[in-house]
Enquirer: 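Quick one: structure below, then a few questions.
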Amino acid sequence: MRVYSTLQRTLVELPAPPGPVGIYLCGPTVYQRIHVGNARPYVIFMWLARWLRLRGYEVTFVSNITDVNDKIYAAAPGHSVELADRAADWYIEDTDRLGLGRPDAEPKATETMEDIIAMIAELVAGGHAYEAQGDVYFRVGRYGDYGQLSRQKPDQMEDQEPSSLKKDPRDFALWKATKEGEDTSWESPWGKGRPGWHIECSAMAAKLLGPSFEIHGGGLDLVFPHHENELAQSRAAGQEFAHIWMHNGLLRLTGEKMSKSLGNVATLEAVLDKDQYGWDRETLLLFFMTAHWRKPIDFSPETMMQAHTQVDAFRELFRMKIDRAAWKPPQGWNPDVEAQKFEGVLDNDFNTPDALAILHKARSAWDDEFVRERLGIFGLESLTVDEEAPPEIVELAEMRLSARAERNFPESDRLRDEIAAAGWEVRDVSAEPGYQLVKRD
RNA sequence: GGCGCGGUGGCCGAGUGGCUAGGCAGAGGCCUGCAAAGCCUCGUACAGCAGUUCGAUUCUGCUCCGCGCCUCCA
C-alpha cells in the first residue's frame, strides 16, 4: 500500500501489515454547519481507514474538532461554548447521515488543554518558544527545517498574523493571552489564555497516536501555515510526528474553491435535504469516488446528476434477480483477475475512480457478488437491496396485469400513470408475477 | 512577487513511452401493445510550440490558460 505524500512529493510505501497505522485528520472548526467541501476529507479518510483494515492493518483513526478559536468567539460573543457545542453536534449529525461510521477518536481542543499547555511549556524550555506579555510564540528562525512541507522559503514569506510582540514576523502564536470579549480562558504558566490554532493538533496527535505515526491528513488549503506549523512545533519538541502527509483536493463550486470565507457554500445538510438539493447519500458518496482524492472536484448539477445515474445503474444490477447458480463469467470478465486489479488500484494511492471503473465492468458482466462485496467498502451496500412495494401499489400493478391480459391498453396505461404518480415505476417482465416495481424519487 | 497543482473526446474522469480505461449524454438497432430495463453497434481524445526517442498523450524545456497556498478556511 502506498500513497502520495506532500512532504516527500512522491508516493510513499506504508510499512507492511499489520502496521500499526495511526491516522490523524484535521477536522472542522465548529461555529456553523459544515459544507460539502468539508465532508470530502471525512469521507476519504473514513474510506481509507476501512480499506487499510481490510488489508490487514491495525488502524487508529483520529479526527479532531476545533472548538476554541477566534471565529467562534466572533460568531457568538459571550456564548462561544454553546455555539461550539451545538456546532460540534451538527457536525456529528450531518456526517452521520453519510452512514460511514465514526473515527476511533474525535478529540476536542478544550478537552486536551493539559497536553497543549505541557507541550508549549516544553517548547519554551527548549528555547523554541518565548513568552511575551502572556502570549507565547514559536521561534521559526530556530527551527532549521521550517518550510519543508510547503516548500516555502522562510525569507520569502509574508508575516503570519501581525503582532508587535513577535520577535520575528514569521513567528506564530502557541498561546494567546485572554482578550476582552473572549468568554473562555484557561490557566497556564503564562497567565490566563487559550491555545493558538496549530498547537492543538500537535498535542492531540501525540496524545492519541504517540510521538510517531503514519498519516496526517487534511485539505490542501491546510498545507500552509497550519500543517507547516504543526510539523515544526512537533519536531522541535523532539517528536518524529507524521511520516506521510495526505492533502485532499478541494471541492469547487462554479470554478472556485468552496469556502466559508468566499461564501459560496452548500452545507452538507442542505445537499442531503429533500427540500433543498435533495441528493441521496449514495449519490454524494459515489460523486466523491469519481475523482481521485488529490484532485479538485466540481460540485455542480451536472456532475451530481452523473453520479446519480451511476448509483441507479448499480441499483439496477440488484433488481435483475440474477440466478447465481446459472451465472457464468462472460467473455472478457475474469473475477479473480479483476479482484486483483481492484486491490491494486486502491493500494496504489487509493485510486477510487479506477476502482469504480472495475465495479462498472463487473456490473456489465452481471457479477452481482463481485459488486456486492466491494460496494460496502464505500458505504454503498444499500444499493444492493431492492425496496419492496407497498400493498396498495402491488394492487394497482395486479389490476394493470389483468387489464393487459384483456388487452385493455388504455386502462393499463392509466394504471401505469397512477403508479408513477405514487412514486413507483412498473415494468413488464417475463418472470413471475409478470411485472416489476421500482421505487423512483 | 514567492511556492505548488493541473490542462484528456459533447460532459465527468483514470491511465500509459508503442497494446480497448470507465461513466454520463447522443445516434441506430433488437426486445415491447406502447414503455421501462437489458442487450448489440457507433466516438482513434490527450492545450500549443520545440526537443529527447525507432516511436510521446505519457519524458524535458518554453508559451498560453485554469486552480490552490503565501491571512481564517477541509
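Lettering follows sequence order; numbering is per chain, from 1.
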Enquirer: Counting the atoms with a prime plus P, OP1 and OP2 as sugar-phosphate, which does A:Gly255 contact under 4.0 Å by heavy atoms, base, sugar-phosphate, or nothing?
Expert: sugar-phosphate
Enquirer: Have a look at A:Glu302 and say if it touches a base, only the backbone sugar-phosphate, or nothing, with a 4.0 Å heavy-atom cut-off.
Expert: nothing
Enquirer: Quick one: do A:Arg194 and A:Asp70 make a salt bridge, cutoff under 4.0 Å?
Expert: yes
Enquirer: Please state how far atom CZ in A:Phe172 lies from atom C1' in B:U71, giving the value in whole angstrom units.
Expert: 15 Å
Enquirer: Before accepting this row, confirm whether a basic side-chain N of the pair A:Arg2/A:Asp349 lies closer than 4.0 Å to the acidic partner's carboxylate O.
Expert: no
Enquirer: Among the nucleotides B:G33, B:A74, B:G22, which one has an atom lying closest to any side-chain atom of A:Ala357?
Expert: B:G22
Enquirer: If pairing requires Watson-Crick or G-U wobble contacts with both distances under 3.5 Å, which nucleotide is the partner of B:C54?
Expert: B:G18
Enquirer: Whether the side chain of A:Asp221 and the base of B:C70 hold a donor-acceptor pair under 3.5 Å is what I'd like checked.
Expert: no
Enquirer: Checking contacts here: which listed nucleotide (B:A74, B:G38, B:C24) is nearest the side-chain heavy atoms of A:Pro28?
Expert: B:A74
Enquirer: Atom CG of A:Asp312 and atom P of B:G23: how far apart are they, to the nearest Å?
Expert: 15 Å
Enquirer: A:Leu220 or A:His292: which one's nearest nucleotide on RNA chain B is closer to the 5' end?
Expert: A:His292
Enquirer: Between B:A36 atom P and A:Asp428 atom CG, what is the distance in whole Å?
Expert: 11 Å
Enquirer: Using a cut-off of less than 4.0 Å, is there contact between a side-chain N or O of A:Trp366 and OP1 or OP2 of B:G38?
Expert: no
Enquirer: Rounded to whole angstrom, note down the C1' distance from B:G17 over to B:C12.
Expert: 27 Å
Enquirer: Looking at A:Lys295, I'd like to know whether one of its side-chain N or O atoms comes within less than 4.0 Å of OP1 or OP2 on B:C12.
Expert: no
Enquirer: Should the side chain of A:Arg400 and the base of B:G33 be counted as holding a donor-acceptor pair, with the cut-off at 3.5 Å?
Expert: yes
Enquirer: Measuring only the C1' atom in each nucleotide, how far is B:C46 from B:U8? A whole number of Å is fine.
Expert: 4 Å
Enquirer: Is any side-chain N or O of A:Arg404 under 3.5 Å from a base N or O of B:G33, one able to act as donor and the other as acceptor?
Expert: yes
Enquirer: What is the pairing partner of B:G38, taking Watson-Crick or G-U wobble pairs with both distances under 3.5 Å in any strand?
Expert: B:C30
Enquirer: Can you check the A:Tyr435 OH to B:A37 P distance for me, whole Å?
Expert: 20 Å
Enquirer: Backbone N or O of A:Gly376 within a donor-acceptor pair of the A:Arg50 side chain at under 3.5 Å?
Expert: yes
Enquirer: Roughly how far apart, to the nearest Å, are B:U44 and B:C19 at atom C1'?
Expert: 14 Å
Enquirer: Closest approach to the side chain of A:Arg151, judged atom by atom: which nucleotide of B:C3, B:A74, B:G23 is it?
Expert: B:C3
Enquirer: Would you call A:Arg400 and A:Asp417 a salt bridge, taking side-chain N to carboxylate O under 4.0 Å as the test?
Expert: no
Enquirer: Does A:Met258 reach a base, just sugar-phosphate, or nothing at all? Heavy atoms under 4.0 Å.
Expert: base
Enquirer: When all nucleic acid strands are considered with a 4.0 Å heavy-atom cut-off, which category describes A:Gly37: base, sugar-phosphate, or nothing?
Expert: base
Enquirer: Parallel, tilted or perpendicular for A:Trp279 and A:His308, by the 30°/60° rule?
Expert: tilted
Enquirer: Picking from B:G23, B:C72, B:A35, which would you name as closest to the side chain of A:Arg427?
Expert: B:A35
Enquirer: What I want to check is whether an N or O donor and acceptor connect the side chain of A:Asp413 with the base of B:G33 at under 3.5 Å.
Expert: yes
Enquirer: How would you label the contact of A:Ser261 with the nucleic acid (heavy atoms, under 4.0 Å): base, sugar-phosphate, or nothing?
Expert: base
Enquirer: Taking only the C1' atom of each, what is the distance from B:A27 to B:C64 in whole angstrom?
Expert: 36 Å
Enquirer: Using a 4.0 Å heavy-atom cut-off across all strands, classify A:Val429 as base, sugar-phosphate, or nothing.
Expert: nothing
Enquirer: Which part of the nucleic acid, if any, lies within reach of A:Lys260 when heavy atoms closer than 4.0 Å are counted: base, sugar-phosphate only, or nothing?
Expert: sugar-phosphate
Enquirer: Which class fits the ring pair A:Phe350 and A:Phe378: parallel under 30°, tilted 30 to 60°, perpendicular over 60°?
Expert: tilted
Enquirer: C1' atom, B:G38 versus B:C54: distance in rounded Å?
Expert: 47 Å
Enquirer: Can you say whether a donor on the side chain of A:Gln306 sits under 3.5 Å from an acceptor on the base of B:C11, or the other way round?
Expert: yes
Enquirer: Rounding to an integer number of angstrom, what distance separates B:G43 and B:U53 when you compare their C1' atoms?
Expert: 30 Å
Enquirer: With under 30° as parallel and over 60° as perpendicular, where do the rings of A:His216 and A:Tyr24 fit, or are they tilted in between?
Expert: tilted
Enquirer: What does B:G1 pair with, Watson-Crick or G-U, if both distances are under 3.5 Å?
Expert: B:C70
Enquirer: Which nucleotide in the list B:A37, B:C11, B:G33 gets nearest to the side chain of A:Ser412?
Expert: B:G33
Enquirer: Please report the distance, rounded to the nearest Å, between CD in A:Gln152 and P in B:G1.
Expert: 16 Å
Enquirer: Say you pick atom C1' in B:A36 and the same atom in B:G68; how far apart are they, in whole Å?
Expert: 45 Å
Enquirer: Once you apply a heavy-atom cut-off of 4.0 Å, does A:Asn351 come out as touching a base, just sugar-phosphate, or nothing?
Expert: sugar-phosphate
Enquirer: For A:Asn248 and B:C69, what is the distance between atoms CG and C1' respectively, to the nearest whole Å?
Expert: 14 Å
Enquirer: Kindly point out which of B:C70, B:A14, B:A74 is positioned nearest to the side chain of A:Leu250?
Expert: B:A74
Enquirer: For nucleotides B:C42 and B:G9, find the distance between their C1' atoms and express it as a whole number of Å.
Expert: 14 Å
Enquirer: Donor-acceptor pair, A:Asp104 side chain versus A:Phe61 backbone, under 3.5 Å?
Expert: yes
Enquirer: Check A:Arg427, A:Lys321, A:Arg363 against A:Glu316 for a salt bridge (Lys or Arg N to Asp or Glu O under 4.0 Å) and give me the one that passes.
Expert: A:Arg427
Enquirer: Checking base pairs now: Watson-Crick or wobble, both atom distances under 3.5 Å. What partners B:C62?
Expert: B:G48
Enquirer: Using whole Å, what does the distance between atom P of nucleotide B:C11 and atom CE of A:Met304 come to?
Expert: 20 Å
Enquirer: Going by modelled atom types, is there a donor-acceptor pair between the base of B:C34 and the side chain of A:Arg416 at under 3.5 Å?
Expert: yes
Enquirer: Taking pairing as Watson-Crick or G-U wobble with both contacts under 3.5 Å, can you name the mate of B:G43, or confirm there isn't one?
Expert: none
Enquirer: Looking for any heavy atom pair under 4.0 Å, which part of the strands does A:Leu251 touch: base, sugar-phosphate only, or nothing?
Expert: base
Enquirer: Classify the nucleic acid contact of A:Ser259 as base, sugar-phosphate or nothing, counting any heavy atom under 4.0 Å across all strands shown.
Expert: base
Enquirer: Below 30° counts as parallel, above 60° as perpendicular, anything between as tilted: where do the rings of A:Phe241 and A:Phe213 land?
Expert: perpendicular
Enquirer: Taking NZ from A:Lys361 and P from B:G23, how many angstroms apart are they, rounded to a whole number?
Expert: 10 Å
Enquirer: Reckon A:Asn69 has a side-chain N or O less than 4.0 Å from the OP1 or OP2 of B:C72?
Expert: no
